[in-house]
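Below you'll find the structure, written out as structure tokens, and then a few comments.
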Amino acid sequence: MVYEATTSAPVNIACIKYWGKRDTKLILPTNSSLSVTLDQDHLRSTTTSRVDASFEEGDKLWLNGKEDVIKDGGRLWVCIKEMRAWRKELEEKDSSLPPLSSWPLRIASYNNFPTAAGLASSASGLACLVASLSKLYELPQTPSQLSLIARQGSGSACRSLFGGFVAWREGSDPSGNDSLAEEVAPRDHWPEMHALICVVSDAKKGTSSTSGMQRTVETSSLLKNRLEVVPERMEAISQAIKSKDFEQFAKITMIDSNSFHAVCLDTSPPIFYLNDVSRAIIALVEELNRASGKNIAAYTFDAGPNAVIYALEENMPVIIGAVKKYFPTTEEFEDPFKTQTNDLPEGFDVR
Ligand code: DP6
């Protein structure tokens with residue numbers, strides 16, 4: 001009998017950013033956040049877990065084909081330990097179950113996109129690990145319950161256990177048991193919503209999210225203001241999603257991305273994730289929105305220079321056209337809209 005499970009988990013891109021921990025051990029955030037999980041068939045992690053009584057003692061992990069250490073007491077180790085504990089509980093209740101919790105694990109995980117380039121690889125990776133162990137161990141836990149464990153691997157990972165539009169509630173319990181992910185709306189609620197990912201650089205980022213946000217918590221006075229305004233934004237963007245109000249969705253998404261990068265700049269020493277190309281993309285989207293007389297696109301940037309542009313399907317050709325025109329690339333990319341570069345809104349003008 002082979003005990004093995006394979007799962008995939010997609011990347012999620014936050015519209016309201018998580019930036020700051022009130023508890024670094026349990027990974028409890030200083031604010032709630034909200035993201036959109038991309039579709040399975042694009043950026044994703046795929047993880048296979050296997051247990052076998054005959055494996056040599058100790059768990060092992062391979063990341064993109066290279067063996068990685070599972071540090072004792074580290075985040076991965078914590079996730080594995082917690083998942084194993086849930087399995088053990090089941091085995092104690094039902095002695096007919098094979099003792100999978102006591103056998104060594106072998107885990108192999110692949111990302112189909114550059115790791116640690118600000119494309120949320122830790123989010124999909126940790127969510128996928130937890131999902132794969134949950135399948136292997138046949139755990140009855142719901143995605144929200146699993147999100148409690150994924151959160152301890154990497155905060156943003158808790159949101160990748162759901163598709164569609166997802167909130168991570170900061171919670172208030174010191175145990176962390178109410179700091180979990182919940183669905184705001186399923187993917188098929190707003191199928192017209194698309195994300196265009198503009199890879200400005202696929203190099204590994206300079207300041208990791210983990211150390212960057214801690215520095216912000218310790219040194220930024222602007223963060224206090226951010227924490228005051230985020231609850232209102234969470235409420236407003238959830239409403240915008242529920243009522244499919246792209247205008248509002250875009251407004252809040254862009255404001256929150258800028259607010260997040262402002263607190264990065266307000267950190268000492270400052271953290272610069274955006275570069276000149278990122279800023280040129282911001283200018284382009286702002287001008288597209290101005291010339292269109294409404295928000296047709298929403299940019300957002302995580303801990304790196306790459307842009308994610310959210311837009312409704314009907315507006316994607318114009319947006320892709322503008323990006324192709326102003327940021328020509330020699331690399332061919334998959335363009336489902338077969339966009340021509342000449343259909344920009346009247347009066348559109350970037351310098
Ligand atoms: C900018 O989840 O990578 O992408 O919890 O320390 O692992 P850790 O941080 P991580 O931070 C993500 C930060 C962000 C915003 C977001 O995804 O909400």
Side-chain angles (χ1 to χ4, degrees), residues 9-38 43 45 71 74-79 111 113-130 147-162 165-171 176 179-181 184 195 197 204-218 220 223 226-227 230 233-234 237 252-253 256-265 267 271-274 278 299-308 310:
V11 157
N12 73 75
I13 306 288
C15 300
I16 305 291
K17 307 293 186 193
Y18 145 55
W19 197 251
K21 297 181 182 68
R22 59 179 204 273
D23 183 321
T24 52
K25 192 98 203 94
L26 290 171
I27 311 204
L28 301 179
T30 47
N31 64 269
S32 297
S33 54
L34 187 144
S35 58
V36 181
T37 299
L38 304 186
L43 309 184
S45 302
K71 240 187 28 221
R75 292 163 166 214
L76 253 171
W77 181 90
V78 169
C79 289
N111 293 333
F113 59 93
T115 300
L119 282 177
S121 58
S122 65
S124 56
L126 268 304
C128 200
L129 172 93
V130 166
S147 79
L148 292 169
I149 310 295
R151 188 200 76 223
Q152 296 175 62
S154 180
S156 54
C158 72
R159 298 184 311 238
S160 269
L161 283 160
F162 289 89
F165 304 85
V166 189
W168 171 14
R169 310 281 174 211
E170 57 183 293
S179 186
L180 43 72
V184 172
I197 311 214
K204 231 175 140 90
K205 60 194 168 204
T207 308
S208 74
S209 311
T210 308
S211 65
M213 69 174 76
Q214 206 38 36
R215 214 154 85 202
T216 300
V217 168
E218 283 157 15
S220 167
L223 182 66
R226 177 168 165 72
L227 299 184
V230 160
R233 280 182 200 159
M234 280 294 292
I237 202 164
I252 302 165
T253 297
D256 198 74
S257 174
N258 292 331
S259 141
F260 153 52
H261 290 281
V263 298
C264 288
L265 199 59
T267 298
I271 309 167
F272 305 101
Y273 286 128
L274 305 182
S278 320
Y299 55 78
T300 187
F301 297 81
D302 276 347
N306 300 325
V308 175
Y310 285 115

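Atom set for the values below is all heavy atoms of this structure, side chains included, hydrogens, waters and symmetry mates excluded. Remember, it's 1-based here, ligands and their atoms both numbered in the order they're listed. It should be emphasised that the depicted structure is a prediction, and the values quoted were computed from it without experimental measurement.
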Q: May I ask you to decide if Val11's main-chain N or O and Ser124's side chain share a donor-acceptor pair within less than 3.5 Å?
A: no

Q) Quick one: does Phe260 get within less than 4.0 Å of ligand 1, heavy atoms only? A) yes

Q. Quick one: which ligand 1 atoms are inside 4.0 Å of a heavy atom on Met213?
A. 9 (O), 11 (O)

Q) If you count the atoms of ligand 1 from 1 in the order shown, which ones are under 4.0 Å from a heavy atom of Ala14? A) 16 (C), 17 (O), 18 (O)

Q: On the 0 to 90° scale, with breaks at 30° and 60°, tag the Trp19-Tyr273 ring pair as parallel, tilted or perpendicular.
A: perpendicular

(Q) For ligand 1, which is the ligand I care about here, please tell me if Thr210 has any N or O atom under 3.5 Å from one of the ligand's N or O atoms. (A) yes

Q: Output the list of atoms in ligand 1 that are nearer than 4.0 Å to some heavy atom of Lys21, sorted by atom number.
A: 5 (O), 6 (O), 8 (P)

Q) Ser122 heavy atoms, cut-off 4.0 Å: which ligand 1 atoms fall inside? A) 3 (O)

Q) Which of the atoms in ligand 1, numbered in the order shown and given with their element, are less than 4.0 Å from a heavy-atom of Ser156? A) 2 (O), 3 (O), 10 (P), 12 (C), 17 (O)

**Q.** Qualifying residue for side-chain contact (heavy atoms from CB on, under 4.5 Å) with Met234, from Asn31, Leu34, Asp256
**A.** Leu34

**Q.** Residue Arg75 vicinity, atoms of ligand 1 by number, heavy atom under 4.0 Å
**A.** 6 (O), 7 (O), 8 (P)

Q | Under 3.5 Å: N/O of Ser33 near N/O of ligand 1 | A | no

